[in-house]
Amino acid sequence: MNQPHAAVVAEEFAALYGREPEGVWQAPGRINLIGEHTDYNDGFVLPVALPHAARVAVARRDDGVVRVHSSQGGGSVVEFTVESLAPGSVAGWAAYPAGALWVLREGGHAVPGIDLHLDSDVPFGAGLSSSAALQCAVLLACDELLGLGIDRPSLARLAQRAENDYVGAPVGVMDQTASLCCAEGAALFLDTRDMSQRQVPLDLAAAGLVLLVVDTRVEHGHADGAYRQRREGCERSADLLGVKALRDVEAASGPDLDALLDRLPEEELRRLTRHVVTENARVLEAVRLLDEGGLRALGPVLTAGHASQRDDFAISCAQSDTAVDTALVAGALGARQTGGGFGGCVIVLTEPALVPGITAAIAAAYAAQESWNAPAFFTATPAPGARRMR
Ligand code: ADP
Ligand code: MG
């Protein structure tokens, strides 16, 4: 299905740079079934790769010069040298590919000059991880083209470092690992502490279900203060509780958890901690349900996850809450905002027959609000992770 895309990206590369690319690689965006903001707390996540992907055509140069172009980057070719790369040295969208090359160079790899053309159908800032898709496509292309032999979990860590230290977004490691390590027809159960992972089969059709994705059309931002503030609150809470990371807080519910939370001096820290601890438990519960073929029972787990990110972690927004509530009223089994938060996309687990009613109800609820963008919809099918296309 993606071969024509790869051919188009190769042709665009040739038109732009006047020579053929050496190869085309692609890396997908993702949705996260459950496990939000757990990935920088050494916790568990359960993402699924989407058919939407970033595709890069690349060819080496022998002069240390890098030229990057994106079909979604405003038209111009951005040029810099490998040698001059340092955090902040390249601004705008090109900071993402620049960061990927920087992190390889910092890791001691000999990075030559490169011509690169990018085309992506992962929407930006919609919580579907266009940034990780872009960086993972570039990193995998470099790894394979240069024969670096870096394993995929390590590439994911490099991509995270590029986003943290070059771009300046304090994200965890889920998005990058999802893009590089997901498999078709499965969700990726990842332990972000040691990067151990397992493909958990996700056969929605066999269960008579679909995952509807609702783009709330509220753009989030990772590099902004709200995300960083959550992250710092989690780190402070872990310190105060005397654990390495909130992952190590094992009481997931009941009096044990309450007693533990009582040890935190601020209500905000108690809320952040309760979200991370209960969210980790929800990931384990979701994996158990998938393993047992209990997909319908996943619905309430998703909805509980949304309540937790709305009430405890405070990363939801009116558009996401409306999409979730409206979907549930229209008969969905469960729904939650997915991704870093403050907008982006909502996932809805439902029977296919209910999709038209759910989308119509959400569209109507949005239309009733004067300033809201119209939502967009698609159904998610678990797609393969990053790979070479030609
Ligand atoms: P998300 O990863 O959820 O889509 P981010 O804010 O993390 O949102 O990343 C979005 C940013 O990634 C964009 O603002 C842009 O700078 C960059 N980006 C992603 N895809 C592309 C692309 N195809 N071309 C240019 N820049 C891109
Ligand atoms: Mg991102």
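Atoms within a ligand are numbered from 1 in the order they appear, just like the ligands themselves.
Within the 2.8 Å limit, Ser130 places no N, O or S atom next to the Mg ion (ligand 2).
Using a 4.0 Å cutoff on heavy atoms, Pro123 counts as a contact of ligand 1. The closest approach between a heavy atom of Ala54 and any atom of ligand 1 is not below 4.0 Å.
Two residues are said to be in side-chain contact when any heavy atoms from C-beta on lie closer than 4.5 Å; Thr338 and Val213 fail this criterion. Using a 4.5 Å heavy-atom cutoff, the side chains of Leu204 and Thr379 are not in contact. Residues Pro47 and Ile31 fail the side-chain proximity criterion, which asks for heavy atoms closer than 4.5 Å.
Within the listing of ligand 1, atoms 7 (O) sit less than 4.0 angstrom from a heavy atom of Glu163. Contact atoms of ligand 1 toward Ser120: 23 (N) (distance under 4.0 Å to a heavy atom of the residue). Those atoms of ligand 1 with a heavy atom of Leu118 less than 4.0 angstrom away are 22 (C), 23 (N), 24 (N). Every atom of ligand 1 with a heavy atom of Trp93 under 4.0 Å away is listed here by number and element: 16 (O), 25 (C), 26 (N).
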Determine, stepwise, if the pair Asp325 / Thr322 fulfils side chain to side chain donor-acceptor pair (under 3.5 Å). CA-CA 5 Å; Asp325 294 344; Thr322 296; 6.0 Å; no

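Remark: the backbone N or O of Gly305 is not paired with any side-chain donor or acceptor of His275 at under 3.5 angstrom.
Dense packing is recorded around CD of Gln369, with more than 12 heavy atoms of other residues, nucleotides or ligands lying under 6.0 Å away. Around the CZ atom of Arg236, the shell of radius 6.0 Å holds no more than 12 heavy atoms that belong to other residues, nucleotides or ligands.
Heavy-atom proximity to atom 1 (P) of ligand 1, evaluated over Ala169, Gly339, Ser130, is greatest for Ser130.
Of the heavy atoms in Val122, none comes closer than 4.0 Å to ligand 1.
Inclusion of Ser70 in the set of residues having an N or O under 3.5 Å from an N or O of ligand 1 is warranted. Every N/O-N/O distance between Gly73 and ligand 1 stays at or above 3.5 Å.
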